[in-house]
S.K.: 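Handing you this structure, nothing more for now.
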Amino acid sequence: MRLVEPTSSWYRTESVMETPSLARELNAEADKLLACVHCGLCLPHCPTYAALGDENDSPRGRLYLMRAVAEGRLSPDSRAFVRHLDLCIGCRACETACPSGVHYGHLLEVARWDIVRLASTHDRGLARATRFVLNHLFTSPRRLRLVLGLVRWLRDRGLIELLLESGLLASLPGRARKGLAMVLATQPSGPPVAASPATHSRERSIRVALFAGCVVRELFAHTNRATERVLVEHECDVDDPPDQVCCGALHAHAGERETARRLARRNIEVFEREGYDAIIVNAAGCGAMLKEYPALLADDTAYRRRAEAFSARVRDICEFLIERGFRPGPRRLHVRVTYDAPCHLYHAQRITDAPVQLITQLPGVEFVPLPQAEVCCGSGGIYNLLHPELADDILARKLTAIRSTGADIVLTGNAGCLMHIGSGARLAGSSLTLLHPVELIAQTY
Ligand code: SF4
Ligand code: SF4
């Protein structure tokens, strides 16, 4: 598949729309913000509050800080605002727990946007490097393919594993070892996906597009192959538009909202060229972002309606298979599995039952429920690289829960969670296998 480098006009020279401030955005959301009755019901669901025990690291505390900035009582440059907003994983467990319907995730993105634009103390060291990578690597499929292609080459030749196990990295920061272990977690661990059948017992009836993802396309090609195979088994003609770009989730979560908007406009243009019946995504973080393009482009009169039409067709692969009428293959697998729910599937997209409904229909699969499967693993996109100690502390609880199931395989539907849990298990000396549910489904055909 050839990737087409976006022309310079779509990314570099596009005019930047006027950007509303946090105060104006919060005013627009006043009914939702004022709906916060400070009840604290969200607090027990917040992983950073559980780990740190500080009200400022809870949803309620962060909402207080946002209101203080919006009302001019606190500078967006203040250490408290930057620090406590920065420590939020963005898991959105507080949203599903909130009885008042506070749109925390949206407010968080806008608050971080203000930090990036207004807080000079934020633009240093790691934050500056992160901005550079997001704005100059993840916006260019060609550059990303070059970098991740090299990573994949090193991975597939065993050089990363050699480096990690040689002890040469013992003196390096934990972040470096974590990064290498995350790369190893992207290695295919199931059998290769069998070729799609040449003929079908039923006529293929719908045409779908695969949102292939940027990191997923380069490091999880096996997951995309499994997704295509399963879709074909469900009478889908699968297209993979070559000029699609990153969904923009990492950018939106990091406060790079204008870049996220440019990426969103590009994807809308690419996918609306063909009249696809559905746009299928197998990474929960990407899926949540694609479904939220209407909110991201709400003040863009040229794209708002197009964003709504685009997002209405986006389906997570698990959600789609249930809607389509799931038909697993006949091959028995003889495995004991558990399932960890990605936050951006469970809390952001509210897809809570579909993955388990699929898994429990697979022949020969023993399913063991994971205690607190809906609690964040600590991944948070690149959160685990920015805040490795806190992310690993949260992950330790998840690994303990996983061990209690006695499962050989952990299923999860998001590349970031898979890399975070897989790397944590590896660094802890565990031989746990991690798969996307669709990879296990593909093995039954
Ligand atoms: S965000 Fe919702 S759950 Fe949390 S304190 Fe406010 S009203 Fe209560
Ligand atoms: S998004 Fe997650 S980490 Fe952030 S305040 Fe809500 S529950 Fe806590």
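Quick caveat, the model's predicted, so the values are computed rather than measured. In what follows, every heavy atom counts, from backbone to side chain, and hydrogens, waters and symmetry copies are set aside. Counting starts at 1 for both ligands and their atoms, following the listed order.
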S.K.: Set out, in order, the CA-CA distance, both residues' side-chain angles and the distance that settles side-chain hydrogen bond (donor to acceptor under 3.5 Å, both in side chains) for His420 and Lys398, then state yes or no.
M.R.: CA-CA 11 Å; His420 186 53; Lys398 182 65 74 181; over 6 Å; no
S.K.: Tell me yes or no: between the side chains of Gln349 and Asp316, is some donor less than 3.5 Å from an acceptor?
M.R.: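 No, no side-chain donor-acceptor contact under 3.5 Å.
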S.K.: Report yes or no: is the cationic atom of Arg67 (NZ for Lys, CZ for Arg) closer than 6.0 Å to the six-membered ring centre of Tyr64, at no more than 45° off its axis?
M.R.: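 No, cation not above the ring by the 6.0 Å, 45° rule.
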S.K.: Please confirm whether Gly101 comes under 4.0 Å of ligand 1, counting heavy atoms of the residue only.
M.R.: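 For ligand 1, residue contact (heavy atoms, under 4.0 Å) with Gly101 is absent.
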S.K.: In terms of atom number and element, which parts of ligand 1 are under 4.0 angstrom from non-hydrogen atoms of Pro99?
M.R.: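 Every atom of ligand 1 under 4.0 Å from some heavy atom of Pro99: 3 (S).
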S.K.: To check your reading of the model: name the closest protein heavy atom to atom 4 (Fe) of ligand 1, its residue, and the distance in Å.
M.R.: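 That would be Cys42 SG, 2.3 Å.
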S.K.: What's the verdict on salt bridge (Lys or Arg N to Asp or Glu O under 4.0 Å) for Arg83 and Asp57, showing C-alpha distance, side-chain angles and the deciding distance?
M.R.: CA-CA 9 Å; Arg83 176 72 182 156; Asp57 290 312; over 6 Å; no
S.K.: Write out all pairs satisfying ring pair (Phe, Tyr, Trp, His ring centres under 6.0 Å) with one or both partners inside residues 372-392, taking only residues at least two apart or from two chains.
M.R.: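 Non-adjacent pairs meeting ring pair (Phe, Tyr, Trp, His ring centres under 6.0 Å): Tyr383-His387.
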S.K.: Can you tell me the protein heavy atom closest to atom 8 (Fe) of ligand 1 and the distance?
M.R.: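 I find the closest protein heavy atom is Cys39 SG, 2.3 Å.
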S.K.: Side chains of Thr223 and Asn282: is there a donor and an acceptor less than 3.5 Å apart?
M.R.: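 Asn282 and Thr223 do not have a side-chain donor-acceptor pair below 3.5 Å.
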S.K.: Within the 4.0 Å heavy-atom shell around Leu63, which atoms of ligand 1 are there?
M.R.: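 Heavy-atom distances to Leu63 below 4.0 Å select 1 (S).
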S.K.: Examine His45 together with His347 and report whether their ring centres are nearer than 6.0 Å.
M.R.: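 When the ring centroids of His45 and His347 are compared, they turn out to be at least 6.0 Å apart.
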S.K.: Give a yes or no on whether a salt bridge exists between Arg112 and Glu109, defined as a side-chain N under 4.0 angstrom from a carboxylate O.
M.R.: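 Salt bridge absent between Arg112 and Glu109.
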S.K.: Provide, to 0.1 Å, the distance between atom 7 (S) of ligand 1 and the closest protein heavy atom, together with that atom's residue and name.
M.R.: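 Among all protein heavy atoms, the one nearest atom 7 (S) of ligand 1 is Val37 N, 3.3 Å.
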S.K.: Non-hydrogen atoms of Ser100 versus ligand 1: any pair closer than 4.0 Å?
M.R.: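 Within the 4.0 Å threshold, so yes.
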S.K.: Could you name all protein N, O or S atoms found under 2.8 Å from atom 2 (Fe) of ligand 2?
M.R.: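 Cys91 SG, with waters left out.
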S.K.: Could you list which atoms of ligand 1 come closer than 4.0 Å to a heavy atom of Gly40?
M.R.: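 Those of ligand 1 that fall under 4.0 Å from Gly40 are 5 (S), 8 (Fe).
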S.K.: Would you call Lys291 and Glu319 a salt bridge, taking side-chain N to carboxylate O under 4.0 Å as the test?
M.R.: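 Yes, charged N to carboxylate O under 4.0 Å.
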S.K.: Which ligand 1 atoms, with their elements, are less than 4.0 angstrom from a heavy-atom of Cys36?
M.R.: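 Per the distance check, 1 (S), 5 (S), 6 (Fe), 7 (S).
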S.K.: Could you tell me, atom by atom, which parts of ligand 2 come under 4.0 Å of a heavy atom of Arg62?
M.R.: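 Per the distance check, 3 (S), 4 (Fe), 5 (S), 8 (Fe).
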S.K.: Which of these, Leu358, Val368, Ile359, Ile409, sits in a side-chain contact (heavy atoms from CB on, under 4.5 Å) with Tyr339?
M.R.: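 Going through Leu358, Val368, Ile359, Ile409 one by one, the side-chain contact (heavy atoms from CB on, under 4.5 Å) with Tyr339 is satisfied by Ile359 alone.
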S.K.: Should you measure from each heavy atom of Cys98, which atoms of ligand 1 turn up under 4.0 Å away?
M.R.: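 Near Cys98, the atoms of ligand 1 are 1 (S), 2 (Fe), 3 (S), 7 (S).
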S.K.: Could you please spell out the steps behind the salt bridge (Lys or Arg N to Asp or Glu O under 4.0 Å) verdict for Arg315 and Glu323?
M.R.: CA-CA 10 Å; Arg315 293 287 184 281; Glu323 286 179 6; 3.0 Å; yes
